[in-house]
Peer 1: 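Dropping a structure here in structure tokens format, bear with me for questions.
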Amino acid sequence: MIEAPPHPFEAERLGTLRSLNLLDTPLQERFERVTRMLSFLLDVPIAHFNLLDANRQHLKSAQGIDAVDVSRTGAFCAQTIHQSTPLIVVDAQRDSRFADNPFVTGGLGIRFYAGCPVRAPDGMPIGTLCAIDTRPRRIGKDRIALMLDLVEMLEAELRVSSLSRAHTQLIEQLGAAERLARIDPLTRLWNRAGILQLLEKEWAEAERHDKPVTVVMADIDHFKSVNDTYGHSAGDTVLVHTGKALLRSSRSEDVVGRLGGEEFLVILTACDPHNVEAAVERLRLGIEQEDFRVGARQLKVTISCGAAATVPHGNTDWRGLVDRADAALYRAKRMGRNRCEIDDDSFEARVIDTKEGAARF
């Protein structure tokens, strides 16, 4: 096995990577979108956006693989960051550089690999975008061109931040170990401690600027029956898919976290109260229309939602907002599930009857 040497400017490269504050942070839809597109366009079972740290590959976004970190030793991507053009391996078993590589001979069983370096705004290669298959294959110049277009999309995302000010500040203030302690290891979303800490910061920011804060409590309907019928592994798969579907149905500045069990919390940052109803319904529909597959099975999954919105002021606090959203959630569940109830202090309580497709005020 040929081991990739360190990058000629490894210290500077690692400094750039860490300055981006992407390592050990929750999933972001802006990166998930790119790896989903790559998997579809190249028709490969595995696609991921890697960040190459000192001794590991951190999978910032991955399709078809559950790992978060894998060893950098023997990593194809460690070779890729040295290149100015894509690295294409048609059949790793027949390539002397990779034939005895543990990623080829082991459980992952890589045969085909296509990888492109991803560069930070200062030009340093901080990771790769790669497509993997467990069978040999070739791809034409048109597919390589599409892959390079996706790399440009990733690099454009690295030049801007779509996160709210409070979200960015929290990530910058927390060290790597503190961030990891606030990320749910299953869904890779903020966990209860993380999402509530972020809500506290969003609340303070909204109070300073006289802006609204909206929280949505979302609960998977009849989740216990999924575990009882199909097993806890199937339940875990449903939780992961639900988290990703909520991300896809949210705006880039919104935040999704897992409170625990089958319950999620979404912060709709600076959402106009007039738009809350549509935003919450979009979350519900995003789950209802998702294709939940567990092995060979296709499951029907729905959520119930409760939302509350307010403009913070001196005698209020974010805990009260969460309590109101929680109460709205329980009303939605009592009224039949797969529906949303919205309670805000600017309008009368409203219930969306999603089964009938009508709103009652």
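Given the structure is predicted, the values throughout are model-derived calculations rather than measurements.
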Peer 1: Give me the one residue out of Thr35, Thr25, Asp24 that meets side-chain hydrogen bond (donor to acceptor under 3.5 Å, both in side chains) with Lys60.
Peer 2: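 When side-chain hydrogen bond (donor to acceptor under 3.5 Å, both in side chains) is applied between Lys60 and each of Thr35, Thr25, Asp24, only Thr25 qualifies.
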Peer 1: Ion pair present between Glu288 and Arg284, side-chain N to carboxylate O less than 4.0 angstrom?
Peer 2: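 Yes.
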Peer 1: Would you confirm whether Arg179, through its side chain, and Leu23, through its main-chain N or O, come within 3.5 Å as a donor-acceptor pair?
Peer 2: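 Pair found, side chain donor or acceptor close to backbone of Leu23.
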Peer 1: Would you find a donor on one side and an acceptor on the other, under 3.5 Å apart, between the side chain of Ser71 and the backbone of Thr73?
Peer 2: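 Present.
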Peer 1: Which salt bridge (Lys or Arg N to Asp or Glu O under 4.0 Å) pairs, counting each pair once, include a residue from residues 104-116, with sequence neighbours left out?
Peer 2: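 Counting only pairs at least two positions apart or across chains, the salt bridge (Lys or Arg N to Asp or Glu O under 4.0 Å) contacts touching residues 104-116 are Asp91-Arg111.
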Peer 1: Taking the six-membered ring for Trp, are Phe292 and His241 parallel (under 30°), tilted (30 to 60°) or perpendicular (over 60°)?
Peer 2: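 Answer is perpendicular, since the angle exceeds 60°.
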Peer 1: Using modelled atom types and a 3.5 Å cut-off, is there a donor and acceptor pairing between side-chain atoms of Asn191 and backbone atoms of Ala181?
Peer 2: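 Indeed, once roles are kept as given, a pair shorter than 3.5 Å links the two residues.
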Peer 1: Mark yes or no for whether Arg258, through its side chain, and Glu263, through its backbone, hold a donor-acceptor pair below 3.5 Å.
Peer 2: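 No.
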Peer 1: For Arg72 and Gln57, indicate whether the former's side chain and the latter's backbone hold a donor-acceptor pair under 3.5 Å.
Peer 2: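 A pair under 3.5 Å: no.
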Peer 1: Report, as yes or no, whether the 6.0 Å neighbourhood of atom NZ on Lys211 holds more than 12 heavy atoms from other residues, nucleotides or ligands.
Peer 2: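 Counting other residues, nucleotides and ligands, NZ of Lys211 stays at 12 neighbours or fewer.
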Peer 1: I'd like to know if Asp291 pairs up with Arg293 as an ion pair, taking the criterion as any Lys NZ or Arg NE/NH1/NH2 lying under 4.0 Å from an Asp or Glu carboxylate oxygen.
Peer 2: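 Yes, this pair counts.
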Peer 1: Sequence neighbours left out, cut at 3.5 Å: what donor-acceptor pairs do the side chains of residues 81-88 make with other protein atoms?
Peer 2:
from: His82; atom 1: NE2; to: Pro5; atom 2: O; distance (Å): 2.7
from: Gln83; atom 1: NE2; to: Thr85; atom 2: O; distance (Å): 2.9
from: Gln83; atom 1: NE2; to: Pro86; atom 2: O; distance (Å): 3.4

Peer 1: Please state whether the rings of Phe76 and Phe98 are parallel, tilted or perpendicular, taking 30° and 60° as the class boundaries.
Peer 2: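 Parallel: the ring planes of Phe76 and Phe98 meet at under 30°.
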Peer 1: With a 4.0 Å cut-off on N to O distance, would you call Lys333 and Glu341 a salt bridge?
Peer 2: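 Glu341 and Lys333: not salt-bridged.
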Peer 1: Using a strict 4.0 Å threshold on nitrogen-to-oxygen distance, state whether Asp184 and Arg192 make a salt bridge.
Peer 2: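 Judged by the 4.0 Å cut-off on N to carboxylate O distance, Asp184 and Arg192 do not form a salt bridge.
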Peer 1: Would you say the side-chain atoms of Arg137 pair up with the backbone N or O of Phe112, donor to acceptor, closer than 3.5 Å?
Peer 2: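 No; judged by distance alone, with no hydrogens or angles, the pair does not exist.
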